[in-house]
Structure formats: C-alpha cells, structure tokens
Amino acid sequence: MNTQIDGRVPVLIAGGSLVGLSASLFLGRLGVPHLLVERHSETSRHPRGRGNNLRTMELFRVAGVEPDIRAAASVLADNHGILQADTLAGVEQEWLFREIDPGGALARFSPSSWCLCSQNDLEPVLLRHAKQRGDVRFGTELTGFTPDPGGVTCTLLDRATGQTTTVRADYLVAADGPRSPVRTGLAVGQSGRGDLFHNISVTFRAKRLADVVGDRLFIACYLTNPDGAGALLPVDNREQWVFHAPWHPERGETVEDFTDTRCIAHIRAAAGVPDLEVEITGRAPWHAAERVADQYSSGRVFLVGDSAHEMPPTGAFGSNTGIQDAHNLAWKLAAVLDGWAGPALLDSYGEERRPVAVHTAARAAERSVEHKHPGFDATPGGGRQTNVLAVALGYRYPVGALAGGDPQGAVIPERFTADGEVGSRAPHLWLSPAGGGERISTLDLFEREPVLLIAAGEAAAAWRAAAEQLAARTGVPLRCHVLGDGPDADFHPEAPVAAPGGRPPAGGPPSGGAPAGGPPAGAPPVAWPAAYGLGADGASLVRPDGFVAWRGDGDPQALEAAVRQVFALE
C-alpha cells in the first residue's frame with residue numbers, strides 16, 4: 001500500500017525549543033532547505049536555561065545573531081556571580097564567585113563573551129532568524145515516523161485544525177526533549193545515574209524584593225534556610241523573579257502540593273521578610289538527571305539536545321551542549337546533501353558528540369554536589385573536577401571526522417589549553433585583512449566550508465596550489481587563507497599571541513554557565529603558526545564548525561589524503 005506524500009524536504013526538525021531553533025538557524029545559514037515542527041503554539045514563556053557560554057556565543061556570533069541576543073539580554077547585562085546565603089536579609093552570605101570574567105581575561109581566548117539570556121528571551125530571537133531561511137511551523141506535531149534506507153516518512157498533525165499531512169524527509173533531526181518520542185520510537189536506550197533531584201520552578205512578582213537584594217546583582221542566589229531553601233533568580237531585577245524550590249516526589253509530594261500559599265511562605269522565608277508581598281504567576285516542575293542516549297543516530301534519524309542527553313542545570317551545560325550538538329550536525333548534513341562529503345561523515349556526529357555529553361553530564365552533576373544545589377543531597381565525590389573553561393571551551397574530539405588525532409586523548413582535559421591540536425577548537429586570533437578593513441577573528445572564517453590556514457612563507461604558494469587542485473578534483477569547497485606578514489598574506493595576525501598550553505587559574509565560577517580561567521601566566525608571546533602548533537611552513541585544516549581536522553608541516557601533497565579521510569570521500 002502506497003502512502004500519499006504531501007511534501008518533501010531534505011531535513012525535518014522535530015522540536016522548536018532552543019536546540020531545534022538553533023539547528024534551523026545553522027542549517028538555514030548553510031543553505032539547507034528544511035522544515036521545523038513544534039507542537040506548542042509559541043516559544044517558551046518560562047525564564048529558564050539562561051547561561052550561554054563562550055562557545056555557544058561564538059557560534060551565534062558567526063551565525064550573525066549575537067547582537068540581537070545581547071540586546072534581548074540587556075536587562076540582566078550587569079548581573080554577575082553566584083551568592084549563597086541563609087536568607088537574603090540575613091548576615092550569613094558568601095559569594096561562590098563574584099565576577100564571571102574578572103578583568104576581561106577571557107578576551108585572550110575568544111572574540112565573544114558569556115551571556116545571561118533566559119530561554120523566554122532567547123527563543124524569540126532564534127525563531128525570528130530561523131524563519132528567514134527555513135519553514136518553521138509552531139502548533140504542528142510529529143506524530144509518527146517511518147525510517148528506511150532512503151529517508152524518513154513523517155506524519156505531522158496541525159494541532160489547531162486537526163489536519164494530518166505526510167512529509168518525506170532525507171533526514172530527521174529529533175530535538176524533542178528529554179522524553180523524546182523519537183528516541184523512544186527508535187528503541188534507543190540511555191545510560192547514566194538517572195534522576196538526581198527535582199525542583200519546582202515558581203515565577204512570581206515581588207516589588208519590594210529588589211530593595212532587599214540591593215546592589216547584589218547576582219545571576220542566582222542559593223538560599224540555605226531550611227524553611228526557604230532554594231535558588232532565587234532575577235528576571236528583570238525589579239519585580240519579576242524565579243524561585244527554584246526543592247521537590248521530593250520520592251516522598252509522595254506532587255506538583256499540586258505547591259499551592260500559592262505554600263510557595264509564598266517559602267519565598268518569604270528565603271527572603272527573610274515575613275510580610276513580603278508575593279504574587280505567584282506560574283509554576284513548572286523540572287527534573288535534574290544524568291542520562292545520555294546509548295547512540296545518537298539510527299540510520300537517517302539523529303538525536304540532538306535533551307533527546308540525546310540530560311544533565312543538571314548547574315553550570316548551564318545542558319542547553320549549551322545541545323546547541324553545540326546542532327552545530328556539529330548541521331555542517332555535516334549540509335556537506336553530505338551538497339555532495340562534497342560522503343554519507344559516512346554523518347557517522348562522526350555520534351562519535352564526537354556522545355563522549356562530550358557523557359563527560360559534561362558527569363561534570364554538571366559533580367558541580368551540583370560541590371555547591372550544594374538545593375534539593376540535591378548527594379555526597380561529594382573525589383574532590384573538585386575539571387575547571388569550567390576546559391568543559392565549555394576546551395573539550396576535544398579524540399575520534400571522528402579527523403586525520404591524525406589522538407584516539408586516546410582526553411575528551412575534557414584537566415586544564416584548558418588553546419594549542420590547535422587535531423580535534424580541538426581552532427584558537428582565536430585577531431586578524432587584520434591585508435587589503436584593509438575591520439579586524440576579524442580566526443573563528444569568523446569558519447562556517448560554510450573547510451578552511452586551510454597557511455603560514456606565510458616559502459611554502460605558502462605550494463599549499464595554496466595543492467588546495468586549489470584538490471578542490472577541483474574532489475569538489476570539496478576548500479578555501480585557503482594565508483596568514484602572516486609577507487606580501488602573499490591574506491590576513492595579518494595581531495601580536496602578541498599568547499603561548500598555547502597556559503594554565504588558567506584553578507576552579508572558577510561554580511554555576512550559572514560562567515566560564516572559568518584566564519590568560520596563561522608568564523608565557524611568552526609566540527608567532528601565530530606556533531599558536532596553532534605549526535612550523536614556519538605549516539598549514540592547518542579547519543572544519544566548517546571551527547575544529548581542527550588536520551595539520552601538517554612542509555608537505556602539501558599530504559593534504560589530499562587528509563581531506564579524503566576527514567570528509568569520508570572514497
């Protein structure tokens with residue numbers, strides 16, 4: 001029996017929250033026609049998922065949406081640090097960290113900076129940009145899918161009209177949340193410690209609370225008074241707030257037990273103001289868990305974001321990891337659909353992203369223990385773990401779409417280093433165009449095609465010729481940029497460049513998505529090739545997602561084998 005097909009699309013995205021919208025944004029930027037369906041009729045109204053780390057903001061920078069995101073986040077632009085106190089009005093107070101980036105030290109490593117933008121403010125920005133290049137349909141639900149070797153047949157329900165349509169997609173991307181129907185339909189299992197703790201997120205208005213907070217413009221405040229334990233987060237620093245109260249369903253508590261009366265009393269106890277006027281405006285349960293899907297794809301169906309992994313919110317690692325999933329997958333889908341990479345390239349998505357999620361989820365859980373997240377009563381493990389900058393910016397791919405990497409290398413190193421190793425994010429350097437114009441970051445060069453960064457010098461012409469000939473033979477749109485001071489240079493790197501392998505300060509901010517670390521201490525500046533781990537006649541092959549795929553010194557003829565391996569060409 002033949003199925004009536006109402007439409008065809010290269011990629012169908014199921015789910016229109018942060019990760020799904022990011023996937024749409026990235027695919028649209030790469031010119032991939034796609035359809036996004038989201039069962040809800042509008043973006044989230046609940047302020048959550050607010051910490052966007054350096055790497056995520058770099059991706060949004062390259063995608064052209066960073067200015068709009070920062071405008072949407074302006075109300076909380078002056079909020080910094082995590083405060084811990086018995087009550088807001090009490091005397092027992094401690095800043096777990098005070099500044100996200102004291103002295104602006106992280107500018108050495110990135111052209112972007114951390115951004116505090118709540119999900120309800122971020123999603124409309126992403127939606128507006130996604131609609132410019134993709135077919136985005138809210139109020140439409142994926143109700144069924146049938147994969148086969150040639151694609152995926154998807155059944156869609158218009159929740160307003162009840163009309164059902166069938167769409168044939170080359171690939172299905174599931175960004176449908178932690179209870180993912182797509183993952184369930186694929187019978188993909190999960191591994192990890194499971195549920196860790198539970199909270200009720202309560203939104204409320206309290207005009208006088210700003211007077212109690214005063215000039216302590218925090219990202220979050222952990223309150224430890226047993227009658228008011230929880231986490232307080234500002235929404236507008238004036239009268240709108242969010243309070244995360246511990247919830248214990250294992251003791252028989254239900255969401256309905258959190259009545260307005262109970263929530264008001266809890267918030268008053270947390271504030272230390274018995275007569276505080278509080279108006280409850282909403283409540284939503286959430287679950288902190290450590291779970292990772294056992295596989296990230298099945299045939300032509302891929303899991304991204306919460307459908308692939310769950311982790312506690314401490315550190316804001318979950319949403320950032322999900323957005324970076326979408327970015328990793330988007331360029332690979334675009335390359336395969338455009339015909340310049342082999343289908344086997346898509347196998348590297350799970351090879352690369354699943355280990356990152358496993359290690360990051362474990363780190364997020366440990367961070368919740370370290371800082372006694374309200375509702376989490378776990379016993380601390382083996383002491384402090386990897387610092388936050390190493391997690392947020394320094395994670396690496398030991399295996400995947402690479403040539404010459406270290407399969408035994410650490411996914412998250414003990415310390416953050418920016419050394420240009422294969423499998424790592426390409427280091428940020430400021431570049432001045434040789435012909436004049438505004439300076440850019442090296443990271444601004446990476447989005448639509450692979451890039452070969454070449455050291456200016458005697459071998460530059462040979463590298464460029466080899467790349468151009470290879471592109472003509474294979475169809476890989478390999479772009480060359482010569483960096484240096486010579487007349488053949490396309491860009492002049494600004495000096496000095498911090499030496500790679502420096503050791504940022506230990507520890508760092510405990511949560512809220514804030515990166516930790518700083519510039520290398522006492523390391524002498526080096527020329528740009530050394531910053532990328534190259535010799536004077538070297539070149540670095542960087543993928544469209546800004547990760548180093550291969551690097552070589554003095555032998556342009558070795559480039560072809562590397563390109564064929566990285567992009568799965570026969």
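The basis for the numbers below is simple: all heavy atoms, side chains too, and nothing from hydrogens, waters or symmetry mates.
More than 12 non-hydrogen atoms from other residues, nucleotides or ligands lie less than 6.0 angstrom from CD of E468.
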Identify all side-chain donor-acceptor contacts of residues 475-489 below 3.5 Å with residues at least two apart in sequence or on another chain.
none

Show which side-chain atoms of residues 397-409 pair as donor or acceptor with protein atoms under 3.5 Å away, not counting sequence neighbours.
from: Y397; atom 1: OH; to: N328; atom 2: ND2; distance (Å): 3.4
from: Y397; atom 1: OH; to: R353; atom 2: NH1; distance (Å): 3.0
from: D406; atom 1: OD1; to: Q408; atom 2: N; distance (Å): 3.0

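Judged by distance alone, with hydrogens and angles left aside, the side-chain atoms of N53 form no donor-acceptor pair with the main-chain N or O of L393 at under 3.5 Å. Under a 3.5 Å cut-off, the side chain of S441 and the backbone N or O of L443 do form a donor-acceptor pair. Checking side-chain atoms of W463 against main-chain N and O of D537 turns up a donor-acceptor pair under 3.5 Å. Checked by atom type and distance alone, the side chain of R448 pairs as donor or acceptor with a backbone atom of R29 at under 3.5 Å. In terms of modelled atom types and a separation under 3.5 Å, the side chain of S307 and the main chain of D176 share no donor-acceptor contact.
Between F317 and A364 the shortest heavy-atom distance is CD1-CB, 3.6 Å. In this structure, L30 and E447 approach most closely via the heavy-atom pair CD2-O, 3.4 Å. When all heavy atoms are compared, the tightest approach of V75 to V235 is CG1-O, 3.8 Å. The two residues P529 and G535 have their closest heavy-atom pair at CB-O, 3.6 Å.
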Using side-chain hydrogen bond (donor to acceptor under 3.5 Å, both in side chains), reason through S17 and Q119 one step at a time and then give a plain yes or no. CA-CA 9 Å; S17 190; Q119 185 170 343; 2.9 Å; yes

Apply side-chain hydrogen bond (donor to acceptor under 3.5 Å, both in side chains) to the pair R70 and S113, showing each step before the final yes or no. CA-CA 10 Å; R70 295 201 181 278; S113 59; 3.2 Å; yes

Kindly indicate, with the supporting measurements, whether the criterion side-chain contact (heavy atoms from CB on, under 4.5 Å) is fulfilled by I69 and C115. CA-CA 8 Å; I69 292 172; C115 181; 4.1 Å; yes

Let me see the working for H34 and S24 under side-chain hydrogen bond (donor to acceptor under 3.5 Å, both in side chains), right down to the final yes or no. CA-CA 7 Å; H34 63 279; S24 175; 2.7 Å; yes

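Applying the salt bridge (charged side-chain N to carboxylate O under 4.0 Å, His left out) test to R128 and every residue at least two apart in sequence or in another chain returns D68.
A salt bridge links R61 with D444: at least one charged nitrogen is closer than 4.0 Å to a carboxylate oxygen.
By the 30° and 60° cut-offs, the orientation of the rings of Y349 relative to Y296 is tilted. Aromatic ring orientation, F416 versus F109: perpendicular (interplanar angle above 60°, classes split at 30° and 60°). Ring-plane geometry between W340 and W331 is classed as parallel, the angle between the planes falling under 30 degrees on a 0 to 90 degree scale with a further cut at 60.
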